[in-house]
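Sending over a structure as structure tokens; questions will come in a sec.
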Amino acid sequence: MINAFDPGRAEGLGARERAMVERRQRLLGPAYRLFYERPFHAVRGEGAWLFDAEGERYLDCYNNVASLGHAHPVVVEAIARQAGLLNTHTRYLHETVLDYAEALLATFPASLGHVMFTCTGSEANDLALRIARAATGGEGIVVTSLAYHGVTSALAELSPSLGEGVPLGRHVATVAPPDAYRGGPGMPARFAADVAAAFAGLARHGIRPCALLVDTMFTSDGVFPDPPGFLAAAAAAARAAGALFIADEVQPGFGRTGTMWGFERHGVEPDIVTMGKPMGNGHPVAGLAIRPSLLERFGGRVRYFNTFGGNPVSAAAGLAVLRVLREEGLPANAAVVGAQLLAGLRGLAGRHAVIGDVRGAGLSIGVELVRDRSTREPATAETARVVNALRERRVLISASGPGANTLKIRPPLCLSREQADLFLAALDGVLAEA
């Protein structure tokens, strides 16, 4: 895993951290992973800040779970109020989930007329694929070559970012990510052609097309947002092959890109949109929005039930998130502060040759580090040092991309201009030292 802690080096930690790591290994087993060479022990959050056990403050430029900001009081109050009244399974009538469904669907194109609720983005993507298979009669899925879409059995086998220890399914084809930094102006046409070729390859092996599934910011692939509109040709290629276009908005959605949804930047309407992480600002809420016609076959033959998906407390949390996004203007703030960060990062590129490319939309930003700007050789080890040096300066980010050389900058949407400047100064200092 990129930016993973090595438990074999626990002896270099302080006594308290070492004891916690050893206890974690004993109780949770070997499959879990931690970030950073020295794991971070968070005990409290507020806005874009996280606080460790010693009370030290860290600027969180990574977390898209508490997307509005940590412990947002409006969401906390909504959860507590509803939990004090009622929380139960989802087979009783309850108005809150209907109010939430109406409010959520109002943020989408009119073509997406139904919404279904789950607890996690993995569940949402799993459900989307079940529906897509029923609608198309196919099973062939195309994803990008370092995509991440979830942890269920069905999603793990089409999430190549999980590594070689998790084999891809025989019904899965991968395409290179839409890398305009290396691909140049011909990237959009080439990406669409790759999608068409991938579906054709599946069909040649007797695998009928089902869906093109992409994170609309290609976050795990290295963050590839530009040029706006390029995704439309790839979606058209998928539909020409008889497949659906599923937009995975678990990471880009809910205002992160400066628009409510990442697909909006591309002028395309998906057949299905999946949602997760930021939907409840830390409370486990997820779901999908879908064209009603696609549910006819599935819903007519299959009943869908999720014990907690869309329960009263989750619906209250989701409503509160939409209210805060609207009332605090957080998508607009993401656009403004994101533009400030991009400009500042491009300024740093003028001083630090290790920065090969700066790209992003809103507060979803990638900074690719290279050893040589002419060869664009990934600066993998240098990227790890930068991420961990920032952690020591109390700024939290991570990395992504096939070379593990893209700084992944993804702060809460409430990030202020002053906090953006603090991040830029910290990164400048780390790069100067490196």
Exercise. Report the distance from atom CG of N3 to atom CG of L34, rounding to the nearest 0.5 Å.
Key: 10.5 Å
Practice problem: Answer yes or no: is there a donor N or O on one side and an acceptor on the other, between the side chain of N333 and the main chain of L413, under 3.5 Å? | Solution: yes
Quiz prompt | Basic-acidic side-chain contact under 4.0 Å: R9, E37 | solution = no
Practice problem: Could you give me the CA-CA distance, side-chain angles and deciding distance for H171 and I141, then say whether side-chain contact (heavy atoms from CB on, under 4.5 Å) is met? | Solution: CA-CA 6 Å; H171 61 294; I141 309 294; 4.0 Å; yes
Self-check item: Polar side chain donor-acceptor pair, T152 to E123, under 3.5 angstrom
Solution: no
Quiz prompt | Polar side chain donor-acceptor pair, R410 to Y62, under 3.5 angstrom | solution = yes
Exercise. Working to the nearest 0.5 Å, report the span between OG of S67 and CG of L363.
Key: 8.5 Å
Quiz item: Are the side chain of H94 and the backbone of T96 linked by a donor-acceptor contact shorter than 3.5 Å?
Solution: yes
Quiz prompt | Heavy-atom pair of closest approach, residues A289 and L112 | solution = O-CD2, 4.2 Å
Quiz item: Side chains of H149 and V143: does their closest heavy-atom pair fall under 4.5 Å?
Solution: yes
Quiz prompt | Any donor-acceptor pair under 3.5 Å from E17 side chain to A10 backbone | solution = no
Quiz item: Can D226 and R265 be counted as an ion pair, charged N to O under 4.0 angstrom?
Solution: yes
Quiz item: Just how far is it from atom CG of L127 to atom CD1 of I290, taken to the nearest 0.5 Å?
Solution: 7.5 Å
Exercise. With side-chain contact (heavy atoms from CB on, under 4.5 Å) as the test, would you mind laying out the steps for T174 and T144 before giving the verdict?
Key: CA-CA 5 Å; T174 63; T144 48; over 6 Å; no
Exercise. For W261 and T107, test the side chains for any donor-to-acceptor distance below 3.5 angstrom and give the result as yes or no.
Key: yes
Self-check item: Intermediate values then yes/no, side-chain contact (heavy atoms from CB on, under 4.5 Å), D248 and M275
Solution: CA-CA 7 Å; D248 183 338; M275 302 161 277; over 6 Å; no
Quiz item: Should V386 and L427 be marked as a side-chain contact (heavy atoms from CB on, under 4.5 Å) after you check the CA-CA gap, both sets of side-chain angles, and the distance that decides it?
Solution: CA-CA 8 Å; V386 168; L427 180 58; 3.8 Å; yes
Practice problem: Classify the side-chain pair T259/T257 by whether it contains a donor and acceptor separated by less than 3.5 Å. | Solution: yes
Practice problem: Of all the heavy-atom pairs spanning F224 and P178, show the shortest one and how long it is. | Solution: CB-O, 3.3 Å
Quiz item: Between the main-chain N or O of V151 and the side-chain N or O of S122, is there a donor-acceptor pair closer than 3.5 Å?
Solution: yes
Quiz item: Roughly how far, to the nearest 0.5 Å, is CG of L244 from CZ of R291?
Solution: 9.0 Å
Quiz item: Any side-chain donor-acceptor pair under 3.5 Å between H89 and N306?
Solution: no
Exercise. Could you check if a side-chain atom of N311 sits within less than 4.5 angstrom of a side-chain atom of T88, using non-hydrogen atoms only?
Key: no
Practice problem: Considering only NZ, NE, NH1 and NH2 on the basic side and carboxylate oxygens on the acidic side, decide whether E139 and R208 come within less than 4.0 Å. | Solution: no
Quiz item: Under 6.0 Å from the CE atom of M260, do we count more than 12 heavy atoms belonging to anything else shown?
Solution: yes
Exercise. Examine distances only and state if a side-chain atom of Q251 and a backbone atom of N64 form a donor-acceptor pair shorter than 3.5 Å.
Key: no
Self-check item: Exercise: identify the closest heavy-atom pair between P270 and A247
Solution: CG-CB, 3.6 Å
Quiz item: Which heavy-atom pair separates I207 from R170 by the least distance, and what is that distance?
Solution: CD1-O, 3.2 Å
Quiz item: Do you know which of T118, T274, T120 makes side-chain hydrogen bond (donor to acceptor under 3.5 Å, both in side chains) with N125?
Solution: T274
Practice problem: For residues V75 and I79, determine if any side-chain heavy atom of one lies less than 4.5 Å from a side-chain heavy atom of the other. | Solution: yes
Practice problem: Show your reasoning for whether ring pair (Phe, Tyr, Trp, His ring centres under 6.0 Å) applies to F40 and F35. | Solution: CA-CA 7 Å; F40 176 58; F35 274 163; over 10 Å; no
Quiz item: Less than 4.5 Å apart, any side-chain heavy atom of C119 and any of S314?
Solution: no
Quiz item: Honestly, is R376 close enough over Y181, meaning NZ or CZ under 6.0 Å from the six-membered ring centre and within 45° of the axis?
Solution: yes
Quiz item: Is the NZ or CZ atom of R33 positioned over F5's six-membered ring, under 6.0 angstrom from the centre and within 45° of the axis?
Solution: no
Quiz item: Is it the case that more than 12 heavy atoms not belonging to R301 sit under 6.0 Å from its CZ atom?
Solution: no
Quiz item: Is L396 close to R391 at the side-chain level, that is, under 4.5 Å between some pair of heavy atoms?
Solution: yes
Quiz item: Taking Q82 for the side chain and L86 for the main chain, is one N or O donor matched with an acceptor at less than 3.5 Å?
Solution: yes
Quiz prompt | Gap between atom CG of L129 and atom OG1 of T136 - 0.5 Å precision | solution = 10.0 Å
Quiz prompt | Heavy-atom side-chain contact between T383 and E368 under 4.5 Å | solution = no
Exercise. Enter the distance from F245:CZ to D271:CG here, rounded to the nearest 0.5 Å.
Key: 8.5 Å
Quiz prompt | Aromatic centroids of F117 and F308 separated by under 6.0 Å | solution = no
Exercise. Kindly indicate whether the side chain of T90, heavy atoms from C-beta on, has any atom under 4.5 Å from the side chain of F305.
Key: yes
Self-check item: D221 and Y148, any side-chain heavy atoms less than 4.5 Å apart
Solution: no
Practice problem: Spell out, as yes or no, whether a donor-acceptor pair under 3.5 Å connects the side chain of R133 to the backbone of G138. | Solution: no
Self-check item: Qualifying residue, where the test is side chain to side chain contact (heavy atoms under 4.5 Å, CB included) with L345 and the options are D428, I355, I409
Solution: I409
Quiz item: H266 side chain to G229 main-chain N or O, any donor-acceptor pair under 3.5 Å?
Solution: yes
Quiz prompt | Exam field: side chain R373 to backbone A353, donor-acceptor pair closer than 3.5 Å | solution = yes
Practice problem: Determine yes or no for a side-chain-to-main-chain donor-acceptor pair under 3.5 angstrom, with R256 supplying the side chain and G362 the backbone. | Solution: no
Exercise. For residues D215 and P252, report the shortest heavy-atom separation together with the two atoms involved.
Key: OD1-CG, 3.0 Å
Exercise. Specify the closest pair of heavy atoms between G121 and A286, including all atoms of both residues, with the distance to one decimal.
Key: N-CB, 3.6 Å
